[in-house]
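What follows is a set of notes on a single structure, which appears directly below.
Each residue takes its place number in the sequence, starting with 1. Keep in mind that this is a model prediction, so the values were computed, not measured. As the structure lists them, so they are numbered: ligands from 1, and atoms in each ligand from 1.
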Amino acid sequence: MSRLARSLDRLEPRYDVVVVGSGYGGGVAASRLARAGKRVAVLERGREFLTGEFPSRFPDLRGEMQLAGRRLRLGSPTGLYDVRFGEDMHVLIGCGLGGGSLINAGVALRPDPRVFADPVWPAEVAGDELLDEGYARAARWVRPARDEAAAERTKYRALASAGAALGKSPVQAPVVVSFAATINPAGVAQPACTRCGDCCGGCNVGAKNTVALTYLPDAVRHGAQIFTHAKVRHVAKAPDGGWRVEFERLDGGGAGGTAKPATVTADIVVLAAGTLGSTEILLRSRERGLALSDRLGKSFSANGDIIAFGYGAKLPVNAIGVGDPPKVEGLDVGACVSGQIEIVDDDDLANSLTIQEGVLPSSLAPILPALFVPNGRLLGALKSLIAGVYKGPFASLQTFFAVSHDTASGRLVLEDDRIALTWPGAKDEPVYRRLDAALEALVRQAGGTYVKNPLAGTMMGQQPATAHPLGGCGMGRERGEGVVNHKCQVFDGAAGAGAAQVHDGLYVIDGAIMPRSLGVNPLLTITALAERAMLHLARDRGLAFDAGPRTYATPISPMAPGLA
Ligand SMILES: Cc1cc2nc3c(=O)[nH]c(=O)nc-3n(C[C@H](O)[C@H](O)[C@H](O)COP(=O)(O)OP(=O)(O)OC[C@H]3O[C@@H](n4cnc5c(N)ncnc54)[C@H](O)[C@@H]3O)c2cc1C
Ligand code: SF4
């Protein structure tokens with residue numbers, strides 16, 4: 001596949017639409033508005049990765065980690081794995097063209113209907129038929145599927161055996177993976193999944209249905225222009241109408257090769273920089289005078305999400321990816337998630353939870369034993385440093401992704417011009433006790449030891465961590481309740497109390513708009529609400545687009561040139 005992104009030197013001064021960020025929300029907006037005939041530019045801070053270019057060995061990871069905390073700034077600002085160390089909670093997000101879709105596990109679930117029945121949402125969300133239509137469109141493009149042979153995977157069988165502790169059997173998890181070779185709706189020829197397990201490291205096969213292989217190539221095929229290395233700082237009303245977007249060039253380009261801020265203007269700006277990114281841009285914009293809701297930054301949720309481990313189980317699990325080409329032969333790893341245990345509490349939604357068995361990417365394999373050693377409990381880890389992780393104790397390492405509900409009581413603020421999360425009570429949220437109890441029971445049943453966080457006590461401290469940050473620009477009926485309305489339009493904070501007036505042409509469309517936890521992995525809902533927002537935007541502005549798949553004479557290979 002040739003690159004979708006072009007040099008920032010070719011950015012024009014004005015577009016109909018500028019989309020900031022290129023995850024699920026940004027991908028949907030770029031594709032739909034380009035299909036509607038708009039001149040669209042996408043500004044993404046990260047780099048473009050073609051299939052075959054994701055880190056597959058430990059040394060490759062070095063350049064792909066960015067670590068930031070109150071007194072810490074390490075790694076490249078375009079590193080693929082973006083870790084924010086917080087005083088109360090850590091957050092892991094993706095950075096690159098395609099956003100979190102590049103490194104996520106791809107589990108695609110629709111929340112319990114009680115989530116949308118919560119009055120915290122504007123009534124229109126559950127009340128019009130466009131939510132269902134949004135989910136239907138999202139499913140046609142990201143194509144959740146189940147691995148037919150999921151139940152045969154060793155890790156699935158290990159979960160089934162451990163599930164006895166909770167009186168539950170696992171079910172197959174829908175993941176956005178092409179298990180058979182296909183030409184996708186954007187005309188990209190995706191090979192079949194090799195079950196290498198490396199989904200969270202970046203799929204080097206081209207089988208994961210990322211935004212970079214679906215919505216973004218579709219947008220480009222309809223004329224959108226995509227730019228990487230463009231980190232947007234803030235937005236402001238343009239003197240001649242529309243919006244001025246100021247960004248920093250991370251490619252070392254620009255006047256005299258300095259990282260001087262550059263600008264572009266557009267009639268419509270869609271902020272889709274993810275929960276942390278979009279909230280940060282609006283917080284900074286407010287500091288520069290843009291009137292916004294007082295709710296900005298509030299109701300941050302970690303989606304009751306944790307990653308945890310079981311060490312020393314009796315049965316093999318085979319939950320360390322082998323990569324492609326495989327680093328070891330003959331291991332049936334499977335996609336990152338094959339099975340999940342669902343616990344539904346009919347009386348109290350907050351108690352419902354889903355536990356998924358997960359796989360760690362193969363690039364981490366050489367370092368994995370060292371990660372477990374600091375705890376001092378796991379001396380077997382030392383042996384594996386020498387013998388490798390595909391046999392011995394790490395062959396029975398259980399990795400769990402668990403997701404549930406929290407109280408969405410975090411708050412995003414600007415500290416030294418950077419986004420920071422404050423949530424003093426985070427680690428005492430009841431959800432963590434529930435998840436620990438369930439996971440401990442599973443691990444005990446398997447004969448192992450529960451390791452909540454192998455790095456607790458190191459620089460990670462005892463804080464919880466999430467890969468599902470949500471909120472900060474939550475939806476509401478009016479500006480006293482939310483930052484955006486049900487169509488994702490940003491409320492005008494200068495309007496009177498209780499007013500629902502919006503800033504014409506300014507939208508937030510990503511995980512930031514969630515006013516509460518979803519209780520399931522969020523990608524499908526973010527995509528569905530983005531599709532829904534596009535339907536409303538088209539109605540409001542008299543636009544038309546068809547969202548169906550296209551057939552092209554020449555399908556595109558996802559592989560980087562030279563690797564096809
Ligand atoms: C390891 C991992 C596993 C996960 N597994 C799952 C799963 O199985 N299922 C699931 O549903 N979810 C999963 N998630 C979460 C899911 O990937 C995210 O919720 C989702 O990607 C969020 O989509 P988004 O559109 O809100 O933004 P993102 O996907 O985060 O995209 C935002 C984009 O904006 C860019 N950006 C940020 N700031 C700026 C700026 N200032 N200027 C320009 N660009 C900017 C970012 O680089 C990024 O590309 C996982 C996440 C991780 C990290
Ligand atoms: S298991 Fe391997 S081939 Fe399949 S989607 Fe995940 S990374 Fe790609």
>> Quick test of your reading of the model: are Asp251 and Arg47 salt-bridged, counting only N-O distances below 4.0 Å?
In response: no
> More than 12 non-hydrogen atoms from neighbouring residues, nucleotides or ligands closer than 6.0 Å to CD on Glu12, yes or no?
Replying inline: yes
>> To check your reading of the model: name the closest protein heavy atom to atom 50 (C) of ligand 1, its residue, and the distance in Å.
In response: Asn104 CB, 3.3 Å
>> Would Glu44 count as being in polar contact with ligand 1, using the rule that some N or O on each side must be under 3.5 angstrom apart?
In response: yes
> Right, does atom 2 (C) of ligand 1 have protein non-hydrogen atoms nearer than 4.0 Å?
Replying inline: yes
> Which residues satisfy the ring pair (Phe, Tyr, Trp, His ring centres under 6.0 Å) test with His536, sequence neighbours excluded?
Replying inline: His486
> Can you tell me which residue and heavy atom of the protein come closest to atom 40 (C) of ligand 1, and the distance to 0.1 Å?
Replying inline: Val232 N, 3.6 Å
>> Can you report which non-hydrogen protein atom sits closest to atom 36 (N) of ligand 1, along with the distance?
In response: Arg45 NE, 3.4 Å
>> Assess whether a salt bridge exists between Asp416 and Arg418, defined as any Lys/Arg side-chain N lying under 4.0 Å from an Asp/Glu carboxylate O.
In response: no
>> Is it the case that the side chain of Ser404 and the backbone of Ser352 share a donor-acceptor pair, with hydrogens and angles ignored and the cut-off at 3.5 Å?
In response: yes
>> Is there a side chain to side chain contact (heavy atoms under 4.5 Å, CB included) between Val333 and Arg153? Walk through the geometry before answering.
In response: CA-CA 7 Å; Val333 177; Arg153 308 276 161 238; over 6 Å; no
> To the nearest 0.1 Å, how far is atom 9 (N) of ligand 1 from its closest protein heavy atom, and which atom is that?
Replying inline: Val107 O, 2.8 Å
>> For Asn204 versus Glu53, what's the shortest heavy-atom pair and its separation?
In response: OD1-N, 3.3 Å
> Which atoms of ligand 1 sit under 4.0 Å from any heavy atom of Gly511?
Replying inline: 26 (O)
> Is Arg3 atom CZ crowded by more than 12 heavy atoms from other residues, nucleotides or ligands, each under 6.0 Å away?
Replying inline: yes
> For ligand 1, which atoms, with element, lie under 4.0 Å from some heavy atom of Gly99?
Replying inline: 29 (O), 31 (O), 48 (C), 49 (O)
> Which of the numbered atoms in ligand 1 are below 4.0 angstrom from a heavy atom of Lys231?
Replying inline: 41 (N), 42 (N)
>> So if I only count non-hydrogen atoms and take anything under 4.0 Å from ligand 2, which residues does that give, chain by chain?
In response: Val177, Cys193, Thr194, Arg195, Cys196, Gly197, Asp198, Cys199, Cys203, Val205, Lys208, Ala335
> To the nearest 0.1 Å, how far is atom 51 (C) of ligand 1 from its closest protein heavy atom, and which atom is that?
Replying inline: Ala467 O, 3.3 Å
>> I want to confirm something. Looking only at heavy atoms, which of Pro174, Ala272, Ala105 is nearest to atom 5 (N) of ligand 1?
In response: Ala105
>> Check this for me, if you would: do Glu48 and Arg6 make a salt bridge, where the nitrogen-to-carboxylate-oxygen distance has to be below 4.0 angstrom?
In response: no
>> Show the atoms of ligand 1 that are less than 4.0 angstrom away from any heavy atom in Gly277.
In response: 38 (N)
> Any idea which atoms of ligand 1 are less than 4.0 Å away from a heavy-atom of Ile526?
Replying inline: 19 (O), 22 (C), 23 (O), 25 (O), 26 (O)
>> I need the contact type for Ile281 against ligand 1. Using non-hydrogen atoms and a strict under-4.0 Å cut-off, is it side chain, backbone, both or neither?
In response: side chain
> Which residue owns the protein heavy atom closest to atom 38 (N) of ligand 1, what's the atom, and how far is it?
Replying inline: Ala273 CB, 3.5 Å
> What part of Ala230, side chain, backbone, both or neither, has a heavy atom within less than 4.0 angstrom of ligand 1?
Replying inline: backbone
> Counting only heavy atoms, which portion of Cys336 has something under 4.0 Å from ligand 1: side chain, backbone, both, or neither?
Replying inline: neither
>> Between Glu248 and Lys231 (salt bridge meaning N to carboxylate O under 4.0 Å), is one present in this structure?
In response: no
> Hey, are Glu531 and Arg32 close enough for a salt bridge, meaning a charged N less than 4.0 Å from a carboxylate O?
Replying inline: yes
> Should Pro522 be counted as touching ligand 1, given the test is an N or O pair under 3.5 Å?
Replying inline: yes
> Backbone, side chain, both or neither: what part of Glu280 comes under 4.0 angstrom of ligand 1, heavy atoms only?
Replying inline: neither
> Considering only heavy atoms, which of Ile509, Val245, Asn521 lies nearest to atom 10 (C) of ligand 1?
Replying inline: Asn521
> Considering only heavy atoms of Ile103, which atoms of ligand 1 have at least one such atom less than 4.0 Å away?
Replying inline: 1 (C), 2 (C), 3 (C), 53 (C)
> Looking at Asp406 and Arg516, does any basic side-chain N land under 4.0 Å from a carboxylate oxygen?
Replying inline: no
> Got a salt bridge between Arg233 and Asp417, using NZ or NE/NH1/NH2 to carboxylate O under 4.0 Å?
Replying inline: yes
> For Arg110, does the CZ atom have more than 12 heavy-atom neighbours from other residues, nucleotides or ligands under 6.0 Å away?
Replying inline: yes
> Do any N or O atoms from the side chain of Asp510 and from the backbone of Gly25 form a donor-acceptor pair under 3.5 angstrom?
Replying inline: no
> Between Gln66 (side chain) and Gly79 (backbone), is there a donor-acceptor pair under 3.5 Å?
Replying inline: yes
>> Out of all atoms in ligand 1, which are within 4.0 Å of some heavy atom of Gly96? Include the element for each.
In response: 47 (O), 49 (O)
> Do the ring planes of Trp141 and Tyr215 sit parallel (below 30°), tilted (30 to 60°) or perpendicular (above 60°)?
Replying inline: parallel
> Starting from atom 28 (P) of ligand 1, which protein heavy atom do you reach first, and at what distance in Å?
Replying inline: Gly100 N, 3.8 Å
> Any ion pair linking Asp60 and Arg62 (charged N to carboxylate O, less than 4.0 Å)?
Replying inline: no
> Which residue supplies the protein heavy atom nearest to atom 24 (P) of ligand 1, what is that atom called, and how far is it?
Replying inline: Asp510 CB, 3.9 Å
>> Show me which atoms of ligand 1 lie under 4.0 Å from any heavy atom of Gly106.
In response: 7 (C), 8 (O)
